[in-house]
Asker: 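Encoded as structure tokens, here's the structure I'll be asking about.
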Amino acid sequence: MLKRLALIFFAAALTQTAAMAQQGAGLPSSAGTSYVIRAGKLIDPETGVATANQMIAVKDGRIVAIDASVTPPSSAETVDLSNYSVLPGLVDAHNHLALTYKKVPESDVYYYTYIGDSTALRAIQAASNGLQMLSYGFTVVRDLGNNGLYADSALRIAIEQGWIPGPTMINSGIIIGASGGQFVPTPEMAKQHNIVYPEYIEADTRDEMIKAVRENILFGAKVIKICVDCQAYPYAVDDMKFVVKEAADAGMKVAGHVQTQEGARRAIEAGIWSIEHSIALTDELHKLMAQKGIWRVGTETPFTEYSGSKEEFERTVAGMKSAYANGVKMAFSTDADYYVPGMTRGQVVINFLKSWKASGIPDKEILKIMTTNGYKVVDIYDKRGPLKPGFPADMIAVKGNPLENIDALRSVVFVMKDGLVFKRDGVMTPEKFLHGGPVNGWDIH
Ligand SMILES: [Zn+2]
């Protein structure tokens, strides 16, 4: 009987956690805090409208009112942003915060990163990368694997617990793929040293697919990532439909890494949620994606002194133009998982604006893609992101108007996350975020 009661208690606690997660709760450390923000301009990226002289009241981590004049919550601190534009936070829909490959020692080959860097070390680096992203205005990151043994879940939980500030994480756990994952291991590596593990879960059969999806969910995944065609034996349409259903049973979407046209065709037919990377996407495939409402998470690398090539970039930009012309749902995404000396992760990510500007997509639309579309592709649109009463107070401020000049996003002077000020006057101020204990209960997973 006692055992049964304990089980019931445990189940109830878990249900509560699930409900909290669904409401987008997990507002670390913000209980008892209140602010009034004076916005010179308040930008709504969804409608493309800027409204002058607005006030935003924030209490206990959430927005309580937005208007030309609001009643300040008791003991509210005023933040004067009357010389700035205030807007919702930005989204990178494809990154890997616990992966940073570099010239030395691994010659930019991420194969070697996980040999040199332990999961524990990578988790700490992920925390640092998260801070660097947040400082550049990215309040949401969809993190799609290659994080060792669940460093991504660890980071998400630490942020939700209030141990460190960071972006809201939508993480995939370990990437699921057919034998070999995305690697081409030698037999010695794969069989004797298990070197594919922990970067990939190999799932060839239906039983293995169910087990892989459930294992990821058990260890904290919020989205499922599969490698559609990383090997000469791409997943079959029916296999992907099976995974999509298994994930949907747990309320999760499936993101697919795609690198061939055949893989893309199959993924589209299977009704995958998003196609990651744009290398294989043609005009014809874009038309199919638009028809089926499949997201294009293109990870469009700019041509810079440290990344890409002129030819590659021309292809990338042509692909973006085709996707936009065909009405494909597009997301800002980077796959920026490498170290560029002298740059933070945030700087590397925001420099992807170069690709978007080259695509000729209007600035107003780019801003919508980086915010509204971002919340939709990471599947939080109904609980976090847009600035409206009841929602978590995540917002940023920039000089100028990004609806007219998207480069305004390059200098974020103010960041509020979960109703706490993270950056003010261009300087990070994380103190209020930091806590020694779980501020949201013991049972966040
Ligand atoms: Zn990636």
Asker: Would you sort out whether Asn401 and Ser85 count as a side chain to side chain donor-acceptor pair (under 3.5 Å), showing the intermediate values?
Answerer: CA-CA 6 Å; Asn401 183 350; Ser85 295; 5.0 Å; no
Asker: Do Asp229 and Thr260 meet the criterion of a side-chain donor-acceptor pair at a distance under 3.5 Å?
Answerer: yes
Asker: I want to check a possible cation-pi pair here: Lys423 against Tyr136, using under 6.0 Å from ring centre and within 45° of the ring axis as the test.
Answerer: yes
Asker: Between Arg156 and Glu160, is the salt bridge (Lys or Arg N to Asp or Glu O under 4.0 Å) condition met? List the steps.
Answerer: CA-CA 6 Å; Arg156 179 180 56 70; Glu160 290 177 10; 3.3 Å; yes
Asker: Please assess Lys241 against Glu246 for the test salt bridge (Lys or Arg N to Asp or Glu O under 4.0 Å), listing each intermediate value before the final yes or no.
Answerer: CA-CA 9 Å; Lys241 280 186 176 166; Glu246 185 62 29; over 6 Å; no
Asker: Can Arg142 and Asn171 be counted as having a side-chain donor-acceptor contact under 3.5 angstrom?
Answerer: no
Asker: For the pair Glu311 and Arg315, find out whether any cationic side-chain nitrogen is under 4.0 Å from an anionic carboxylate oxygen.
Answerer: no
Asker: Just verifying a value: how many Å separate Glu202 CD and Gln231 CD, rounded to the nearest 0.5 Å?
Answerer: 9.0 Å
Asker: Taking atom types as modelled and ignoring hydrogens, do the side chains of Asn216 and Tyr150 form a donor-acceptor contact shorter than 3.5 angstrom?
Answerer: yes
Asker: Return the orientation label for the Phe352 and Phe332 ring planes: parallel under 30°, perpendicular over 60°, tilted otherwise.
Answerer: perpendicular
Asker: Considering residues, nucleotides and ligands other than Glu269, do more than 12 of their heavy atoms fall under 6.0 Å from its CD?
Answerer: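 Counting other residues, nucleotides and ligands, CD of Glu269 stays at 12 neighbours or fewer.
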Asker: How about Lys102: does its NZ atom have over 12 heavy atoms from other parts shown lying under 6.0 Å from it?
Answerer: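 Counting other residues, nucleotides and ligands, NZ of Lys102 exceeds 12 neighbours.
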Asker: For residues Ile170 and Asp379, determine if any side-chain heavy atom of one lies less than 4.5 Å from a side-chain heavy atom of the other.
Answerer: no
Asker: Looking at Tyr381, I'd like to know if the NZ or CZ of Lys376 sits under 6.0 Å from its six-membered ring centre while staying within 45 degrees of the ring's axis.
Answerer: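 Yes, cation above the ring, under 6.0 Å and within 45°.
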Asker: Out of Ile350, Asn95, Leu131, which one pairs with Arg345 under the side-chain contact (heavy atoms from CB on, under 4.5 Å) rule?
Answerer: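 Output: one option passes, namely Asn95.
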Asker: Taking atom types as modelled and ignoring hydrogens, do the side chains of Lys417 and Thr168 form a donor-acceptor contact shorter than 3.5 angstrom?
Answerer: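 Distance-only check passes for Lys417 and Thr168.
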Asker: Quick one: do the Asn146 and Glu199 side chains pair a donor with an acceptor below 3.5 Å?
Answerer: yes
Asker: Going by atom types only, do Asp143 and Asn147 share a side-chain donor-acceptor pair under 3.5 Å?
Answerer: yes
Asker: For residues 89-98, pull every pair meeting salt bridge (charged side-chain N to carboxylate O under 4.0 Å, His left out), keeping only residues two or more places apart or in separate chains.
Answerer: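 Qualifying pairs: none.
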Asker: State whether a side-chain donor-acceptor pair under 3.5 Å links Ser128 with Gln132.
Answerer: yes
Asker: Does a donor on one side chain sit under 3.5 Å from an acceptor on the other, for Glu284 and His286?
Answerer: no
Asker: With sequence neighbours left out, what residues match Asp335 under side chain to side chain contact (heavy atoms under 4.5 Å, CB included)?
Answerer: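 Testing Asp335 for side chain to side chain contact (heavy atoms under 4.5 Å, CB included), a comparison that skips the adjacent residues, returns His94, His96, His277, Thr299, Asp337.
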Asker: State whether the number of non-hydrogen atoms from other residues, nucleotides or ligands found under 6.0 Å of Ile279 atom CD1 is greater than 12.
Answerer: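 Counting other residues, nucleotides and ligands, CD1 of Ile279 stays at 12 neighbours or fewer.
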Asker: Before you tell me yes or no, could you show the steps for Tyr112 and Asp117 under side chain to side chain donor-acceptor pair (under 3.5 Å), namely the whole-Å CA-CA distance, both residues' side-chain angles and the distance that decides it to 0.1 Å?
Answerer: CA-CA 9 Å; Tyr112 304 133; Asp117 297 352; over 6 Å; no
Asker: Parallel, tilted or perpendicular for Phe303 and Phe313, by the 30°/60° rule?
Answerer: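 It falls in the tilted class, 30° to 60°.
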Asker: Could you point out which residue of Ile226, Ile175, Ile174 forms a side-chain contact (heavy atoms from CB on, under 4.5 Å) with Ile201?
Answerer: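 That would be Ile174; it is the only one of Ile226, Ile175, Ile174 passing the side-chain contact (heavy atoms from CB on, under 4.5 Å) with Ile201.
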Asker: Examine Lys245 relative to Phe242 and say whether NZ or CZ is less than 6.0 Å from the centre of the six-membered ring and inside a 45° cone about the ring axis.
Answerer: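 No, Lys245 does not lie over the aromatic ring of Phe242.
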Asker: Assess, by modelled atom type and distance only, whether the side chains of Glu276 and Ser274 contain a donor and an acceptor separated by less than 3.5 Å.
Answerer: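 Note: Glu276 and Ser274 side chains meet the donor-acceptor criterion.
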Asker: Dump the intermediate steps for salt bridge (Lys or Arg N to Asp or Glu O under 4.0 Å) on Arg384 and Asp418, then the final yes or no.
Answerer: CA-CA 10 Å; Arg384 186 189 279 275; Asp418 291 311; 3.0 Å; yes
Asker: Looking at Lys253, I'd like to know if its NZ atom is crowded, meaning that more than 12 non-hydrogen atoms belonging to other residues, nucleotides or ligands lie closer than 6.0 Å.
Answerer: yes
Asker: Between Tyr114 and Phe183, is the ring centre distance below 6.0 Å?
Answerer: yes
Asker: Could you point out which residue of Thr139, Asp394, Val140, Ile159 forms a side-chain contact (heavy atoms from CB on, under 4.5 Å) with Pro167?
Answerer: Ile159
Asker: Report yes or no: is the cationic atom of Lys329 (NZ for Lys, CZ for Arg) under 6.0 Å from the centre of the six-membered ring of Trp273, at an angle within 45° of the ring normal?
Answerer: yes
Asker: Going through the distances and angles, do Asp407 and Lys357 end up as a salt bridge (Lys or Arg N to Asp or Glu O under 4.0 Å)?
Answerer: CA-CA 9 Å; Asp407 278 323; Lys357 284 177 65 171; 2.2 Å; yes
